[in-house]
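Computation of the quantities below employed the complete heavy-atom set of this structure, encompassing side-chain atoms and omitting hydrogens, waters and symmetry-equivalent molecules.
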Amino acid sequence: MNGRPDLFSPLHDLDLVRLLLADMHDDLYGKVGRFRQLADLSETFRIGRTILPGGETAFAAWSEARTSFIHGNYVATVLLCQGLAEHLLAAHLTMGLNAEQLPERIQFPETLRRCVEKNIIPQNIADDLHNLMKMRNPLSHYRDINDPYNLSRRVLDTMVPVESHLRADASFAISMAIRLLALPAFNLGG
């Protein structure tokens, strides 16, 4: 930090530090609460004893989903958790003695069907993952206001603030990721 303004910014480095500290301070109690929630949920599996198929993409999605959840980036949490589920389950289908050759671009409902068929996940988790996909789609793709999963539609229908919907969606998404990782298919034993 040289104390000079950046070429394209009127802010000095110290100004940026002040902004960063203020941002870190905002919602500190909420961040601690979400971190506690994540820690409590994570008791269902052991880090270091959980296999994470899907390579770097799955690992990055899991790491960033946790951080996003803690910092209150709810839309990002939903997007990342659903992406994690897609990569984790499809990659698992391609591993091991019963490995499958999947289509180049397999659709998530097809991945879920195959995983239930092979007893990788139970039907109730597949149903919840399908609901997660329905939550994620209007965040990733334009949906008309009449779509029941459109965020604005949900706010209008329930008269509950958008932040409450997003927080609940993110809590559901992160709990789904943890439920997946806690399944026997992803447990290394012990």
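- Of all heavy-atom pairs between Arg153 and Pro148, the closest is CG-CA, 4.2 Å.
- Few gaps surround CD on Gln123; more than 12 heavy atoms of other groups in view lie less than 6.0 Å from it.
- A distance-only check finds no donor-acceptor pair linking the side chain of Thr67 to the backbone of Glu64 [under 3.5 Å].
- Atoms CZ and SG, on Arg66 and Cys81 in that order, are 10.5 Å from each other to the nearest 0.5 Å.
- Nearest heavy-atom pair, Ala65 versus Leu80, reported as atom, atom and distance to 0.1 Å: N-CD1, 3.6 Å.
- Counting heavy atoms from C-beta on, the side chains of Leu180 and Leu183 come closer than 4.5 Å.
- With contacts defined as side-chain heavy-atom distances shorter than 4.5 Å, the pair Leu93/Cys115 qualifies.
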Dump the intermediate steps for side chain to side chain contact (heavy atoms under 4.5 Å, CB included) on Ser171 and Phe69, then the final yes or no. CA-CA 8 Å; Ser171 288; Phe69 181 70; 3.8 Å; yes
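- Of all heavy-atom pairs between Pro103 and Arg114, the closest is CD-NH2, 4.0 Å.
- Judged by distance alone, the side chain of Ser63 and the main-chain N or O of Ala60 form no donor-acceptor pair under 3.5 Å.
- Shortest non-hydrogen contact noted between Val160 and Val155 is O-CG1, 3.5 Å.
- Here the OG1 atom belonging to Thr77 is positioned 12.0 Å from the CG atom belonging to Leu84, to the nearest 0.5 angstrom.
- The distance from the CG atom of Asp127 to the CG atom of Leu132 is 12.5 Å, given to the nearest 0.5 Å.
- Here the side chains of Arg154 and Asp169 are in contact, with some heavy-atom distance below 4.5 Å.
- The distance from atom CG of Asp147 to atom OH of Tyr142, rounded to the nearest 0.5 Å, is 10.0 Å.
- Atom-to-atom distance recorded for Glu104:CD and Leu102:CG is 11.5 Å, nearest 0.5 angstrom.
- Here the closest heavy-atom approach between residue Ile125 and residue Arg179 is recorded as CG1-NH2, 3.2 Å.
- By the rule that hydrophobic residues join a cluster once side-chain heavy atoms approach within less than 4.5 Å of another member, Leu166 and Leu156 end up as members of separate clusters.
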From CA spacing to verdict: side chain to side chain contact (heavy atoms under 4.5 Å, CB included), Tyr149, Arg143: CA-CA 8 Å; Tyr149 284 91; Arg143 295 293 187 263; over 6 Å; no
Check against side chain to side chain contact (heavy atoms under 4.5 Å, CB included), Glu86 and Thr111: CA-CA 8 Å; Glu86 286 201 38; Thr111 299; over 6 Å; no
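- Of all the heavy atoms in Phe186 and Leu89, the pair that sits closest is CZ-CD2, 4.0 Å.
- The distance from atom CG of Leu129 to atom CE of Met135, rounded to the nearest 0.5 Å, is 10.5 Å.
- When side chains are defined from C-beta on, Trp62 counts as touching Leu181, because their heavy atoms get closer than 4.5 Å.
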Begin with the C-alpha distance, continue with both residues' side-chain angles, and end with the deciding distance and a verdict on side chain to side chain contact (heavy atoms under 4.5 Å, CB included) for Glu163 and Tyr74. CA-CA 9 Å; Glu163 183 79 8; Tyr74 300 133; 3.1 Å; yes
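- Salt bridge Glu110/Arg113: present, at least one basic N to carboxylate O contact under 4.0 Å.
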